[in-house]
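A note on names: the letters A, B, ... follow the listed sequences, proteins ahead of strands, and every chain is numbered from 1.
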Amino acid sequence: MFLHLAVIAALFLAQFAASEYIVLMLTRIMVLAIFAIGYNLLFGYTGLLSLGHAMFFATGLYAAALGTTLMGLTVPAAFAFAVLAGLAVSLVMGVITLRASGVAFMIVTLMFSQAAFLTVLYFGEYTRGDEGIVIPDTIRKFAFLGFDVDLANAVLRYNLALAFLGCAIAFSLLIVRSRIGHILIAIRENETRTSMLGYDVQRYKLAAFVMSGTLSAFSGACYALMFAYAGSTLASIQYSIHPLLWTLLGGASTVLGPVLGTGLMFVLVDLASSYTNANLLMIGVVLILLVLFFPKGILGTIRERYWKWLP
Amino acid sequence: MADNRPKKHQEDDAMNGSKLIVPKKPGLSRRKAIKLMGAGAAAGLAAGPGFVRYAQAQSSEPIRIGFQVHRTGIGAAYGRWYERTTTAAAALINEQGGINGRKVEIIAEDDGTDPGRGAEVVEKFATQHKCDVGFGTLFSHVVMGSAPRAGELKLPYYVVSEGHHVASTGLNRYTFQPGITDVKSQVIAMAPWIAKNVGKKVCMIYPDFAFGHDHRDYFSAAIKAQGGDVNALIPIPPTESSFTRYFPQIPADTEVIYHVMVGPAVLTFVKELGEHFGSSHPALFGFIDSLEAVDLKSPGLEFLEGSYLWEAYPRFAGASPKPHDTFYREKVGVDANGASVSDAADISTFSHMFGCWETLFILKRAMESAGYQGPADKAKLIEATEAMTSFAEGNEHPQGDKQFNGKIHQCFGHQNITQVKSGVAEVVYRTTIEEGLYEPEGDYTKMAL
Amino acid sequence: MAAAVLALSALGLSLVFGVMRVVNVAHGEFFMLGAMLAWWTAKMVPGGPLAGFMAALVVAPAAVGFLAFLTERLLLRRIKYDPEATIVATIGLLFVIQQLALSLFGADAKPVAAPFTYRIAFPWFGYSGYKLFVVVASVFILVGVWWVLARTRYGLIMRVTQFDRETATAFGIPVNTVYSAVFVAGAALVAVAAVLIVPIQQAHYLMGLDPLLMSFIVVIIGGLGSIKGSVIAALIIGMADGIISVFFSPTLASIIATLAVALVLVVRPQGLFGVTAR
Amino acid sequence: MAAVSPLLETRNLSRSFGGLKAVSDVNFTLEVGEIRAVIGPNGAGKTTFVSLVSGRLAPSSGAVLFEGDDITRLPAFKRVRLGIAYTFQITSIYGNLTVAENVALAAHQPGAKSSLEYLERVGLAGRAAQIAGTLAYGHQRLLEVAMGLALRPKLLILDEPTQGLSDSEITNFIELVRTLSKTATVLLIEHNMPVVMELAHRITVLDRGQILAEGAPEDIRANRAVQNAYLGTADA
């Protein structure tokens with residue numbers, strides 16, 4: 001608990017100390033870390049490896065982008081709309097995909113995500129397909145509860161992202177510490193056993209799936225509204241692999257792992273792209289090394305060896 | 001590895017260049033300083049006797065151009081040539097004394113042809129590398145993802161993409177496309193000639209995403225205006241790798257097959273089209289985009305013999321090339337067939353990469369007319385770019401003369417229709433600039449700076 | 001045509017999954033490497049397309065097989081063929097191979113001349129003689145693999161290993177060697193498929209994703225691990241895809257096909273032709 | 001009502017795999033408070049039978065009644081809530097969690113306190129904080145039973161609980177089951193005949209998916225059919 005507050009506080013203070021570029025990069029990291037946190041609820045705590053989370057990210061992304069540009073929603077309304085859309089899509093997807101398990105679940109989620117990606121292209125008239133849509137600055141300036149908000153303002157955006165991230169961490173912590181969190185872990189550890197202890201495993205998995213998908217959609221909405229762009233690339237398979245990579249790197253089934261992993265991967269890619277163009281190589285090597293030597297990720301390994309209390 | 005050599009080369013040039021520049025510089029600077037006397041207080045201050053020293057102090061600090069390059073991802077084949085052209089143009093500019101007496105430094109970052117990473121790269125240019133401008137993006141989705149960030153960070157952003165995104169005035173005041181004509185203009189310019197010389201019943205085959213939809217919409221309208229008719233639309237999903245099953249949809253009365261297939265599958269497409277039709281077939285008209293970096297003599301492309309291509313800048317120099325064409329090819333390292341001088345099998349992206357070259361020279365001209373000294377002069381740079389109206393053909397604009405519309409930040413040039421004869425594309429028609437003009441859709445200059 | 005190619009590219013994946021119960025996400029990259037190597041060999045070997053083609057038929061499977069051997073030894077064995085870890089590790093491998101192909105061979109699409117060209121003309125449309133050859137060759141390879149699996153000692157060993165790792169060990173079967181062999185064979189098969197296909201498609205460093213997805217689809221519909229099922233599924237999909245796209249726009253057809261596959265997997269996780277997992 | 005109807009009843013319960021009938025037309029009744037043993041040779045359908053009762057498998061035909069209510073269509077987890085607890089033949093605990101957490105999950109009350117009571121009953125209270133996967137095998141079996149207890153079942157199904165236990169552990173185990181039976185009805189599947197003879201009030205013998213015989217231990221011991229089918233081939 002203290003550790004998590006310290007991380008939030010450190011991130012808050014970072015905006016006064018760090019360079020402008022770092023602040024911009026952190027904003028992006030924090031928004032995408034929400035995606036990773038959402039992913040971790042399903043993968044880390046429930047043990048369900050989805051290869052289709054781009055579909056939820058894209059749901060939020062396009063709900064926000066199309067909501068503001070086509071349906072005339074205000075930004076706060078677009079956030080709400082994106083969350084509702086995320087909820088609905090993940091509920092439907094959960095009911096269907098959770099009938100499969102193991103490798104079949106991975107492939108089914110991959111397939112549905114691919115179908116979602118193609119759907120974005122199919123409705124190219126509205127989504128502008130791969131080229132995507134830019135959300136005009138006029139929409140991103142709005143009044144909320146008496147405050148004038150301009151999402152083009154870097155400082156405001158940073159603190160907004162931080163607030164959202166804080167909420168996501170708190171939510172994740174709350175879930176993990178609660179009864180439902182214990183049951184999710186029990187399902188991950190031994191699904192049959194959990195069912196034979198009288199738990200409705202299917203319902204708990206669905207709950208985890210919906211929470212995970214909705215958080216991912218929320219992150220997608222943040223991304224669209226804060227960075228003013230939505231395009232089909234952000235719905236592609238690559239964006240299903242990203243949260244997996246971030247979560248694995250930071251440590252699956254640790255609350256802060258996804259945040260750490262997202263940040264670290266960004267820094268790695270950013271540093272590498274100044275020296276070499278072998279981004280892909282590096283991502284690949286990191287994945288392989290993680291699987292071989294640190295299957296529990298950074299925080300997972302730390303927890304195993306030193307801080308056993310880490311949630 | 002590949003980019004090490006040019007970089008070193010460029011540094012050498014720059015060092016040699018600075019030695020050469022020193023004696024010339026005072027004259028240059030003074031002329032400019034006089035020109036700008038009334039323009040602003042900064043320029044006024046600089047006009048004193050101390051200005052020479054001031055300019056020299058500045059000259060040690062290069063103008064930093066952030067080059068957003070597709071080194072990896074789907075755009076990598078283009079990116080490589082964009083990088084070579086840009087390096088060559090920057091070396092030439094430095095040879096000629098740089099911009100406002102300062103040498104030009106290209107800071108290249110790979111964007112993976114990904115809009116997300118593209119946006120990050122723009123942020124990096126603006127805040128980490130402290131670039132004066134961002135430059136060189138090709139793929140439309142990367143432009144779309146990056147432009148909002150450039151606008152917010154007030155980084156002048158000069159793209160070389162040929163998309164209609166800039167001219168649609170849906171982006172922002174900081175984003176320009178001065179070096180390459182947009183697709184809407186290209187398509188409109190082509191239609192009259194096609195209707196008159198090739199045929200009026202057109203079947204369009206295009207990729208089922210935004211770029212293809214632009215072709216579909218603009219060309220359908222343009223050919224109708226010429227009394228022609230699009231008799232079938234065949235969109236191809238982007239993941240397709242075999243096309244045979246689409247060809248039966250081509251109506252029998254088709255006179256022209258209009259094809260735009262961007263991506264590595266183009267060879268398959270042409271080959272399968274050939275297998276489908278055999279020797280008797282409708283006329284073909286295609287956009288070179290999909291054949292950029294591809295040898296027209298590749299196995300399977302025989303079917304293109306006799307077909308027509310759109311080229312912004314003809315790949316083959318022809319029998320009597322203009323001197324600036326020869327000059328440009330020599331500087332970039334491309335032979336008369338559009339291939340690398342060091343490897344005849346390494347074909348360039350000739351109809352697009354000239355945009356990098358020309359954009360850099362436009363940037364140079366805009367910065368000089370704005371008296372650009374540093375990021376504080378960004379607004380002046382934007383206004384100076386918007387104030388430009390035309391570019392003359394020459395070494396700096398080897399593709400041809402162009403008109404520039406400052407209100408929509410877009411240039412308009414000549415287009416070429418070539419015909420493939422024995423594996424060589426020969427120019428059969430060169431459009432006028434007027435044929436490619438359309439009503440502006442908005443006005444960037446009314447937006448806040 | 002599409003069906004034959006599909007069946008061939010899916011065969012390796014199916015074999016590996018069938019025996020080892022792991023999904024190799026880098027399968028498509030093995031395909032891409034095979035195609036790249038075919039191009040490279042054709043360039044290096046003098047004596048025209050036919051000589052290059054024959055050389056590539058040896059070089060590509062050998063090189064890709066060797067890479068697969070290293071992968072199996074250094075990666076999969078160390079993580080004990082854990083299904084999920086394997087997926088993550090092979091995703092990593094996918095990126096590594098892609099980057100290496102980009103750095104070594106460049107980003108351009110690389111055309112390879114067909115070993116022979118002959119256009120079979122029908123009254124209403126034409127058909128390439130080489131494509132027909134690919135179909136015939138695919139059928140031969142498929143029948144060959146089936147024969148090895150069903151009729152030889154090696155096939156028996158593989159089926160025993162597939163049935164139960166521990167039982168196989170108890171029967172004195174060197175399970176590790178069998179795993180190596182199967183993984184290498186799967187990779188070599190897909191490399192052969194690539195060599196056959198590259199004169200039709202051309203090699204490109206991003207070409208691996210499509211065959212991977214299609215192979216997935218085929219293997220799923222056919223039943224994970226069932227080779228007979230994979231072949232039938234490839235035939236069905238090769239034809240159905242064409243039929244669906246007559247009625248719907250192609251992108252919509254892809255969406256429908258993808259959804260259909262996903263639903264098949266949900267309703268019948270064992271595939272249409274697979275038997276229930278033990 | 002509950003007093004009138006038996007605790008558990010199956011009517012013509014059948015289950016086949018492919019062509020093989022693993023359980024065939026089994027009519028079985030279990031009264032409250034009993035300790036019932038189900039025995040039979042390997043492949044007789046014992047585990048399939050209790051899987052049908054616990055809901056891990058769905059029957060091909062027939063019905064399962066619990067306290068007089070038809071539960072044939074209820075999923076396993078709902079049967080657990082009604083009071084049918086099942087302990088696995090192959091130890092199935094949460095190896096990465098502590099002993100206390102294992103039991104707490106079973107008690108549906110996360111938090112270690114409530115679990116202590118059940119751990120005391122099986123004698124594992126001293127190991128509450130240990131990671132369950134590091135327990136000795138015999139202790140893991142006890143943990144399994146503790147988890148069954150924590151479910152506060154009306155019917156406790158023990159599937160081969162003494163497999164792999166040492167003789168002394170078995171002695172303790174017999175004592176444990178006796179105390180358990182004061183609060184729950186016990187359905188015991190067991191290979192070890194001395195354990196069966198000592199514990200069971202009644203014995204049901206399954207052979208090839210059907211009930212071969214049923215009765216008090218001494219009757220079963222004397223039953224010739226059983227001897228032929230089962231005891232003759234068993235080493236007990």
Side-chain angles (χ1 to χ4, degrees), chain A residues 18-25 27-29 32 61 69 114 117-118 120-122 124-125 127-138 140 150-154 157 223-224 226-234 236 238-239 242 266 269-270 272-281 283, chain B residues 1-3 69-74 76 79 107-130 139-149 151-153 163-165 170-172 207-214 217 235 237-239 447-448:
Chain A
S19 77
E20 196 184 352
Y21 178 58
I22 303 287
V23 167
L24 289 172
M25 195 158 90
T27 311
R28 204 172 285 269
I29 290 171
L32 290 172
L61 189 84
T69 56
Q114 179 70 4
F117 168 72
L118 289 169
V120 169
L121 295 181
Y122 182 70
E125 204 180 316
T127 64
R128 292 290 297 156
D130 60 318
E131 190 175 290
I133 34 184
V134 166
I135 301 172
D137 280 348
T138 44
R140 297 166 68 226
D150 181 3
L151 286 179
N153 179 325
R157 199 168 46 204
Y223 194 95
M226 289 192 177
F227 307 117
Y229 174 73
S232 69
T233 317
L234 301 170
S236 65
Q238 223 188 334
Y239 281 77
H242 278 161
F266 259 77
V269 166
D270 195 64
S273 78
S274 304
Y275 300 106
T276 153
N277 57 21
N279 278 339
L280 294 174
L281 186 71
I283 293 176
Chain B
M1 282 291 278
D3 48 19
V69 53
H70 307 325
R71 278 188 188 141
T72 52
I74 192 78
I107 294 160
E109 286 260 0
D110 178 26
D111 60 22
T113 327
D114 178 283
R117 181 66 196 150
E120 291 158 31
V121 166
V122 163
E123 288 179 350
K124 200 171 183 185
F125 287 152
T127 59
Q128 174 95 327
H129 293 311
K130 307 282 180 206
F139 272 59
S140 293
H141 61 303
V142 186
V143 172
M144 296 289 279
S146 307
R149 313 296 308 122
E152 276 173 29
L153 294 163
H164 180 57
H165 35 56
L171 296 179
N172 54 62
D208 198 9
F209 54 82
F211 182 77
H213 296 166
D214 281 349
D217 298 344
T239 51
M447 293 182 185

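For the atom pair CG of L151(A) and CD of E152(B), the computed distance is 8.5 Å after rounding to the nearest 0.5 Å. F227(A) CZ to R149(B) CZ: the interatomic distance, rounded to the nearest 0.5 Å, is 6.0 Å. Atoms OH and NE2, on Y229(A) and H141(B) in that order, are 6.5 Å from each other to the nearest 0.5 Å.
Taking each heavy atom of E120(B) and F266(A) in turn, the nearest pair found is OE2-CE2, 3.3 Å. For the residue pair I133(A) and M144(B), the shortest heavy atom distance occurs at CA-CE, 4.1 Å. Of all heavy-atom pairs spanning V134(A) and P148(B), the tightest one is CG1-CG, 3.8 Å.
Residue L153(B) touches chain A through its side chain alone, counting heavy-atom pairs closer than 4.5 Å. Only the side chain of R28(A) comes within contact range of chain B, judged by heavy atoms closer than 4.5 Å. Of the atoms belonging to I22(A), not a single heavy atom falls under 4.5 Å from chain B. Interface remark: D214(B) contributes side-chain atoms only to the contact with chain A (heavy atom separation under 4.5 Å).
Counting heavy atoms from C-beta outward, L24(A) and T127(B) have side chains that approach closer than 4.5 Å. D208(B) places none of its side-chain heavy atoms less than 4.5 Å from the side chain of L121(A).
One N or O on the side chain of D130(A) and one on the backbone of A210(B) form a donor-acceptor pair closer than 3.5 Å.
The residue from H165(B), H164(B), H213(B) that alone fulfils the side chain to side chain contact (heavy atoms under 4.5 Å, CB included) condition with E131(A) is H165(B).
Highest contact tally toward chain B, considering only A152(A), G124(A), G129(A), is held by A152(A) [criterion: heavy-atom pairs under 4.5 Å].
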